[in-house]
2 protein chains.
Amino acid sequence: MSEKLTPMIQSCILHFGEMGSRWGINRTVGQMYALLVLSKEPLCADDITEALSISRSNVSMGLKELMSWELVKLQHRPGERKEFYSAPGDVWDIAKTLIEQRRKREIDPTLSTLRNLLIETPANAEEEYAQQRMREMHELIEMLTLWTQEIQRLDSAQLGKLLKLGNSIGKVLDMKDRLLGTTKKDATK
Amino acid sequence: MSEKLTPMIQSCILHFGEMGSRWGINRTVGQMYALLVLSKEPLCADDITEALSISRSNVSMGLKELMSWELVKLQHRPGERKEFYSAPGDVWDIAKTLIEQRRKREIDPTLSTLRNLLIETPANAEEEYAQQRMREMHELIEMLTLWTQEIQRLDSAQLGKLLKLGNSIGKVLDMKDRLLGTTKKDATK
DNA sequence: CTGTAATTTCAGTATATTCTGAAATTACAG
DNA sequence: CTGTAATTTCAGAATATACTGAAATTACAG
């Protein structure tokens, strides 16, 4: 990794590289993205090559991947062939894109697979039980997805206000509980 | 993979194996867990070995990993050395454990790393900018974590009611918007 | 157009991860 | 205790993933 990066920025890049590799994103791509997010100015491929000390071709492939996730924007400068890349300026935009993309790539296919298995007629008791679990999974995933989609509708200003207000989500949910006539309050446990 | 498994159950196991491998869980462990979730009765290591056609030692390591995630429960039968494993009977319990464990393993260390970098004094303009992004990330992650923690408090009965009620989350958030004096409603966009 | 500075592709290599079989260890029925 | 049926460990093999450099392609300034 380049000596041009300050230790602070290096640490952050390294951390997100590690995190990425735990989330099915390869380490280098994670580092590349951290670098882009932390940079005020757009970077060109050579900047990244130099900053992270990886090969030019690796950068090219990484950028291709980040583009396919719609996590980076491509920019041109007048009278220059070179391409410059930048991450959205708003962290919440980044998170929304990540959530959206993972939904498309993993959640939707999972829901579809489960649905296909659920329309089959169970051949025996085991399949009946298995289908019941699948039904529960489908229901749960669908609901959590709906939930996150609602949250994704918020723009970062609204989210900011929510944050400043402190943990009011608990209160909202409590209210919802009452609305639903929860049994929680009455339980001795 | 064993011929004892029906095609339906096989498909499900294969799908979750693939999904697992995209989420930093190895394919085989994902398959093992799917098998356990879909089985009504607890399984012993040899059952899994046979069902998935993988080596006994691989099963042992996989189970160890699932235990470390607290995703499986160990059971003994009187007068038998053999150990039997089972997944929680409630899908929401499984999801809550997954969320909780990932929080411990990934979110908490990330928040801690960011905090450590944020207490440093920025050495130059770049670091100042980078710190600002880190601050935003920290804020966002902290808030989303709080949010999920609130949701995790719900038991599966409450969650079920919420689900049956249809998408009321949107309404709750709208209400919250009004409470916060959102600008969304006024925007021409 | 043309030349060139850029990006992309891809086959081969390096690295990391996963899996296995054999040996060591452990738990407990008898 | 002891024997044995179980689990665990771990070094090495198999596999999968990531990375590189060289060659091919592309985009555009002039």
Side-chain angles (χ1 to χ4, degrees), chain A residues 1-2 13-14 16-36 42-69 72-86 105-106, chain B residues 1-2 13-14 16-36 42-69 72-86 105-106:
Chain A
M1 194 168 271
S2 160
I13 289 173
L14 287 173
F16 280 97
E18 290 312 316
M19 281 306 122
S21 70
R22 291 210 197 177
W23 282 80
I25 292 156
N26 101 34
R27 197 190 333 277
T28 318
V29 176
Q31 292 179 354
M32 285 176 53
Y33 200 58
L35 177 65
L36 284 167
L43 302 178
C44 72
D46 285 325
D47 293 335
I48 300 172
T49 299
E50 198 191 358
L52 303 180
S53 308
I54 58 180
S55 76
R56 181 61 184 74
S57 51
N58 200 359
V59 171
S60 181
M61 293 188 297
L63 286 171
K64 194 178 164 189
E65 172 143 19
L66 289 174
M67 289 290 281
S68 83
W69 283 78
V72 289
K73 213 176 58 186
L74 187 56
Q75 281 161 311
H76 280 106
R77 287 181 190 172
E80 248 192 303
R81 165 75 200 280
K82 206 173 276 193
E83 294 173 323
F84 290 83
Y85 295 85
S86 62
R105 291 162 190 236
E106 285 128 27
Chain B
M1 195 168 271
S2 161
I13 289 173
L14 287 174
F16 280 97
E18 290 312 316
M19 280 307 123
S21 72
R22 291 211 198 176
W23 281 80
I25 291 156
N26 100 34
R27 195 190 332 279
T28 317
V29 176
Q31 292 180 354
M32 287 177 52
Y33 200 58
L35 176 65
L36 284 168
L43 302 177
C44 72
D46 285 326
D47 295 335
I48 300 172
T49 300
E50 197 191 357
L52 303 180
S53 309
I54 57 179
S55 75
R56 179 63 183 74
S57 51
N58 200 359
V59 171
S60 180
M61 293 189 299
L63 286 170
K64 194 178 164 190
E65 172 142 18
L66 288 174
M67 289 290 282
S68 84
W69 282 78
V72 289
K73 213 175 59 187
L74 186 56
Q75 280 160 311
H76 279 106
R77 286 182 190 171
E80 250 193 299
R81 166 73 201 282
K82 206 174 276 194
E83 294 173 321
F84 290 82
Y85 295 85
S86 63
R105 291 161 190 238
E106 285 128 28

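Letters A, B, ... are given to chains in the order of the sequence lines, protein chains preceding strands, and every chain is numbered from 1.
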Can you check side-chain contact (heavy atoms from CB on, under 4.5 Å) on A:E83 and A:H76, steps first, answer last? CA-CA 5 Å; A:E83 294 173 323; A:H76 280 106; 3.3 Å; yes
May I have the distance from A:R27 (atom CZ) to D:dT17 (atom C1'), rounded to whole angstrom? 11 Å
Separation of A:I25 CD1 from A:E65 CD (nearest 0.5 Å): 7.5 Å
Position toward the 5' end of DNA chain C (nearest nucleotide), B:N58 or B:E80: B:N58
For the pair made of CD in B:E65 and P in D:dT9, what is the distance, rounded to whole Å? 13 Å
In terms of heavy-atom contacts, B:V29 and B:G62 come closest through CG2-CA, 3.9 Å
Nearest-0.5 Å distance, CE of residue B:M32 to CZ of residue B:R27: 15.0 Å
Ranking B:S21 and B:L63 by the position along DNA chain D of their nearest nucleotide, the one closer to 5' is B:L63
What does the 5'-to-3' dot-bracket notation of DNA chain C look like when only Watson-Crick and G-U wobble pairs under 3.5 Å count, and pairs to other strands show as |? ||||||||||||||||||||||||||||||
Supply the atom-to-atom distance A:L43 CG to A:K82 NZ, rounded to the nearest 0.5 angstrom. 11.5 Å
Ignoring hydrogens and geometry beyond distance, is the side chain of A:R81 in donor-acceptor contact with the base of D:dT26 at under 3.5 Å? yes
Could you measure the distance from the CZ atom of B:R56 to the CD1 atom of B:I48? Nearest 0.5 Å is fine. 8.5 Å
Rounded distance (Å) that lies between atom P of C:dC19 and atom CD1 of B:I25: 13 Å
Residue-phosphate contact under 4.0 Å: B:K64 side-chain N/O, D:dT9 OP1/OP2: yes
In whole angstroms, the gap separating P of C:dT7 from CE of A:M67 amounts to 12 Å
C:dT9, OP1 or OP2 - any side-chain N/O from A:S60 closer than 4.0 Å? no
Return the residues of residues 46-56 of chain A meeting this criterion: a heavy atom under 4.0 Å from some atom of DNA chain D. Order them by number, or give none. A:I54, A:S55
Walk me through it: do A:M1 and A:L14 pass the test side-chain contact (heavy atoms from CB on, under 4.5 Å)? CA-CA 10 Å; A:M1 194 168 271; A:L14 287 173; 3.8 Å; yes
From OH of A:Y85 across to P of C:dA6 the rounded distance in Å is 13 Å
When you check the phosphate oxygens OP1 and OP2 of C:dT7, does a side-chain N or O of A:S57 lie under 4.0 Å from one of them? no
Heavy-atom count around B:R105 CZ within 6.0 Å, excluding the residue itself: above 12? yes
Look up atom CG in B:N58 and atom OG in B:S53, then write down how far apart they are to the nearest 0.5 Å. 12.0 Å
Between C1' of C:dT7 and CE of A:M61, the distance in whole Å: 13 Å
For C:dA16, does either OP1 or OP2 sit under 4.0 Å from a side-chain N or O belonging to A:N26? no
Quickly work out the B:R22 CZ to D:dA16 C1' distance and round it to whole Å. 15 Å
Atom CZ of B:R77 and atom C1' of D:dA6: how far apart are they, to the nearest Å? 14 Å
Interatomic distance, CG@B:L74 vs CZ@B:F84, rounded to 0.5 Å, equals 10.5 Å
